[in-house]
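What you are looking at is a predicted structure, and each value in this text was computed from that prediction instead of being measured.
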Number of protein chains: 2
Amino acid sequence: MGTLSLPPQATQVGLAVDVAAFAMHAGELRVLLVQRGELPHARDWALPGGFVQVGEALHEAALRELRTETTVELEPRHLEQFYTFGELGRDPRGRIVSVAHLAVLPHGTVHVTGGGHTLGAAWFPAHRPPALAFDHAQILDRAIKRLQVRLEYANLALEFLPDTFTLPELQGVHEAILDRPLDKRNFRKRLLAQGVLVPSGERRSGVGRPAQLYRRTKGTRTAAL
Amino acid sequence: MGTLSLPPQATQVGLAVDVAAFAMHAGELRVLLVQRGELPHARDWALPGGFVQVGEALHEAALRELRTETTVELEPRHLEQFYTFGELGRDPRGRIVSVAHLAVLPHGTVHVTGGGHTLGAAWFPAHRPPALAFDHAQILDRAIKRLQVRLEYANLALEFLPDTFTLPELQGVHEAILDRPLDKRNFRKRLLAQGVLVPSGERRSGVGRPAQLYRRTKGTRTAAL
DNA sequence: AGGGAGAGTGTCCCCATGACACAAACTCTA
DNA sequence: TAGAGTTTGTGTCATGGGGACACTCTCCCT
């Protein structure tokens with residue numbers, strides 16, 4: 001039914017998406033940023049993002065921007081819209097409304113190269129980011145809060161890890177996201193009580209005592225909401 | 001700095017707001033709906049909403065639609081954006097993305113008259129709405145869930161009541177929103193423990209034993225988030 | 001004066017969470 | 001190969017919040 005048309009006031013506002021994409025690296029929560037190659041805010045760091053195209057769903061636009069601006073290696077394990085920023089004056093080019101997304105990239109996706117119109121892309125400490133273009137500092141802030149909520153609600157921490165992992169690794173993800181240390185015994189008690197983890201039987205050897213490997217029980221994948 | 005201009009692909013998508021406005025009436029949670037006067041979905045019931053205008057913040061657009069389409073008596077006590085709906089095909093007129101808002105109207109705002117392009121406006125049981133236009137049934141669903149979450153997080157129930165109210169009235173609001181009965185003693189215990197209520201000293205007489213009147217302690221207004 | 005209607009009140013149990021210290025298993029090096 | 005170093009793994013107690021549960025109190029109405 002494309003016979004009806006949009007009223008004239010329907011096309012006056014620019015619609016964009018921005019993506020706060022997170023991954024773990026060196027025991028730290030990192031966020032993926034791009035260095036802008038164009039005005040405004042040329043050479044400033046910003047969240048990857050851009051305008052939504054016709055015939056493109058919001059999450060598709062988010063994925064496309066992530067791919068063309070950063071050349072990430074793997075698919076995001078989680079992608080979720082979390083807030084729409086529409087303040088007047090947030091973009092000097094005019095009225096632009098941005099639907100902000102939160103993405104989680106799995107372990108191993110830490111190498112990025114700039115692409116698209118950007119000068120480059122890199123990972124930064126999510127809790128101590130550099131100065132950001134536009135209102136992206138606010139967006140990042142809100143993204144981290146959402147990530148923290150999702151930690152205890154869904155078990156989004158698992159998306160940061162490979163299929164099989166140890167409990168200390170999982171605890172490390174939680175600590176990196178919450179930006180505070182957790183008690184080992186309480187953490188294990190709580191996580192194992194949830195019943196989403198099952199020991200794989202194997203162990204991982206390293207420097208100290210080998211750690212039990214776990215995997216998620218089937219049918220416990222986070223609904224991408 | 002309006003010297004920079006939008007890239008061409010920035011204006012291809014229509015941006016709208018929709019508002020799920022709730023109030024209490026006869027002990028029931030009700031949602032404000034309008035009967036559409038135009039195609040598509042003419043004569044169907046829908047959430048009040050429409051296109052965002054240039055120079056208009058998202059929440060301003062939501063307020064404007066509420067006022068022009070429904071002529072509500074009072075200002076909303078709470079207005080919050082909760083999700084942005086952008087599925088392809090959600091509107092037969094083309095690509096329209098809608099930022100959905102949740103509004104709470106205070107006690108006494110139950111009389112509405114249709115305005116704007118609509119045939120009328122009326123309150124409906126929020127948990128048993130009529131068939132709705134577009135994807136508004138989904139939007140309403142999500143709005144109710146958000147309202148329920150805000151009940152225990154912020155104390156949004158107070159926004160449905162006048163400045164002074166009784167505990168049974170407050171419990172009624174909670175029950176209407178959650179759509180299930182609550183235990184009287186546990187409810188009082190929990191609410192009073194939060195420390196946001198203070199007895200006003202007066203009582204309200206009615207059919208049975210008079211009820212203590214309460215008001216919120218100062219400085220406990222919900223941040224409109 | 002008695003009945004009806006709604007308001008008000010306290011205890012117990014259970015579960016989830018947080019604080020807290022030591023033993024076990026492996027690697028590495030001397 | 002023995003000992004030091006390093007990391008994993010484990011249990012108890014105290015506390016607090018939430019849910020189940022029944023009877024009295026106060027007023028109005030007839």
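- Positionally, the nearest nucleotide of DNA chain C for B:P168 lies more toward the 5' end than for the other of B:P168 and B:N186.
- Atoms CZ (B:R203) and P (C:dG6) sit 18 Å apart, rounded to a whole Å.
- Computed from coordinates, the B:L191 CG to D:dG18 C1' distance equals 13 Å when rounded to whole Å.
- Sequence order on DNA chain C of the closest nucleotides to A:G208 and A:D183 puts A:D183 first from the 5' end.
- When each of B:R190 and A:R185 is assigned the nucleotide of DNA chain D with its nearest heavy atom, A:R185 is the one assigned upstream, toward the 5' end.
- Between B:Q212 atom CD and D:dT26 atom C1' the separation is 13 Å, expressed in whole Å.
- The interatomic distance linking A:K184 (NZ) with D:dG11 (P) rounds to 13 Å, in whole Å.
- None of A:V34, A:V31, A:V19 except one satisfies the side chain to side chain contact (heavy atoms under 4.5 Å, CB included) rule with A:L47; the exception is A:V31.
- Between A:F134 and A:H136, the ring-plane angle classifies as tilted under the 30° and 60° cut-offs.
- Rounding to whole angstrom units, CD of residue B:E202 and P of D:dT26 are separated by 19 Å.
- Remark: the A:R209 side chain and the D:dT7 base include no donor-acceptor N/O pair separated by less than 3.5 Å.
- One interatomic measurement links the two molecules: NE2 of A:H174 to P of C:dG18, which rounds to 13 Å at whole-angstrom precision.
- Candidate nucleotides C:dG6, C:dG8, D:dG9 were compared by shortest atom distance to the side chain of A:L167, and D:dG9 ranks first.
- The residue from A:E159, A:E80, A:H78 that alone fulfils the side chain to side chain donor-acceptor pair (under 3.5 Å) condition with A:R150 is A:E80.
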Determine whether B:E169 and B:R204 satisfy the following criterion, side chain to side chain contact (heavy atoms under 4.5 Å, CB included), listing intermediate values before the conclusion.
CA-CA 11 Å; B:E169 283 169 350; B:R204 169 168 305 164; 2.3 Å; yes
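- Taking atom CG of B:L178 as the reference point, atom P of D:dG19 lies 11 Å away to the nearest angstrom.
- Applying the 3.5 Å distance criterion, the base of D:dG19 shares a donor-acceptor pair with the side chain of B:K189.
- Looking at heavy-atom distances under 4.0 Å, B:R188 makes contact with a base.
- Cation-pi geometry between A:R146 and A:F82 is not met at under 6.0 angstrom from the ring centre and within 45 degrees of the axis.
- Between the P atom of D:dT7 and the CZ atom of A:F187 lies a distance of 18 Å, rounded to the nearest Å.
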